[in-house]
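Notes for the one structure printed next.
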Amino acid sequence: GAGVSQSPSNKVTEKGKDVELRCDPISGHTALYWYRQSLGQGLEFLIYFQGNSAPDKSGLPSDRFSAERTGGSVSTLTIQRTQQEDSAVYLCASSLGSTGYYGYTFGSGTRLTVV
Amino acid sequence: RKEVEQDPGPFNVPEGATVAFNCTYSNSASQSFFWYRQDCRKEPKLLMSVYSSGNEDGRFTAQLNRASQYISLLIRDSKLSDSATYLCVVTTNDYKLSFGAGTTVTVRA
């Protein structure tokens, strides 16, 4: 597609429920990233995909968080048993190749609110 | 110590003024440097890359000082539309970008 597409744009969920966030990167971008941004905070790295593999999962905050990517394209970030501290904007980005040299293109994010 | 640190501001300037701010980074092996712009409740968007020799894009000038490990952004002839949060971004390896918390600029009429 023309840009990075994320869905849903907003999600309100009850504490303890599972949520799934979706990212559709720019066509041809092999690298895909998930970040999250809490209110008034900087972006926090979660996970990086190169193709379908995730060489760096170091930013996932707990084992309740998981992500996968299929077909070198769409990625889903799953949060199990959501907690209030999971409330944030979850941003997906993609880039050409395996280097951040060209910068990233971000999607508009999913605003997750856990109540 | 954070990998990338920025003065949060806010920098409140009148239209037409020049505003400049820096960010510092902790990893001397950092390779690539960027300024991103983020509008309220929007995603970050790449403003410009920062090259060793310094570079200019219209009213925006970016500088890199590797010896002192900082980059700067200067905005000339500020417009109301320049009001945003400016994120300093550094690559510490070949793929992961480290973001500063942002510098808020408000341009007033």
Side-chain angles (χ1 to χ4, degrees), chain A residues 2-7 9-10 21 23-26 29-51 53-60 88-113, chain B residues 1-10 21 23-27 29-52 55 57 60 62 64 71 73 84-106:
Chain A
V4 178
S5 177
Q6 289 189 248
S7 62
S9 54
N10 280 285
L21 313 180
C23 172
D24 199 343
I26 290 174
H29 279 194
T30 58
L32 184 148
Y33 316 80
W34 284 96
Y35 281 75
R36 74 176 176 181
Q37 188 173 31
S38 301
L39 189 63
Q41 302 295 312
L43 275 76
E44 176 188 2
F45 170 80
L46 297 178
I47 188 169
Y48 156 66
F49 285 94
Q50 180 57 235
S53 64
D56 189 347
K57 305 178 183 180
S58 63
L60 295 178
V89 177
Y90 288 81
L91 291 160
C92 175
S94 69
S95 69
L96 191 62
S98 61
T99 175
Y101 179 77
Y102 299 103
Y104 296 167
T105 300
F106 281 90
S108 55
T110 294
R111 185 173 300 276
L112 176 66
T113 305
Chain B
R1 183 183 172 188
K2 291 182 181 177
E3 289 187 58
V4 182
E5 299 208 51
Q6 294 184 247
D7 180 346
F21 40 89
C23 99
T24 57
Y25 59 94
S26 61
N27 189 336
S30 297
Q31 299 162 345
S32 301
F33 308 87
F34 307 89
W35 285 104
Y36 276 69
R37 169 194 171 126
Q38 187 171 28
D39 293 293
C40 188
R41 299 176 74 88
K42 298 285 190 181
E43 74 273 21
K45 292 186 177 177
L46 180 63
L47 178 66
M48 59 195 300
S49 302
V50 185
Y51 304 121
S52 296
N55 50 298
D57 183 0
F60 297 83
L64 166 63
I71 67 173
L73 182 67
T85 296
Y86 292 85
L87 304 174
C88 173
V89 184
V90 174
T91 58
T92 52
N93 55 34
D94 67 351
Y95 62 84
K96 186 164 71 175
L97 301 188
S98 295
F99 287 77
T103 297
T104 299
V105 172
T106 302

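Throughout, a chain's letter reflects where its sequence line sits, starting with A, and its residues are numbered from 1.
- With a threshold of 4.5 angstrom between heavy atoms, A/Phe106 approaches chain B through its backbone and through its side chain.
- Taking NZ of B/Lys45 as the reference point, atom OG of A/Ser108 lies at 9.5 Å (rounded to 0.5 Å).
- Of the listed residues (A/Asp56, A/Val89, A/Thr105), the greatest number of heavy-atom pairs within a distance under 4.5 Å of chain B belongs to A/Asp56.
- Once rounded to the nearest 0.5 Å, the distance linking CG of A/Leu91 with NZ of B/Lys42 reads 12.5 Å.
- A heavy-atom distance below 4.5 Å is found between the side chains of A/Gln37 and B/Gln38.
- Side chain of B/Tyr36 to backbone of A/Tyr104: a donor-acceptor contact under 3.5 angstrom is found.
- Contact tally against chain A (heavy-atom pairs below 4.5 Å) for B/Glu43, B/Gln6, B/Lys2: the top residue is B/Glu43.
- Put simply, the side chain of A/Leu43 does not reach to within 4.5 Å of the side chain of B/Leu97, judged on heavy atoms.
- With a threshold of 4.5 angstrom between heavy atoms, A/Ser9 does not approach chain B through any atom at all.
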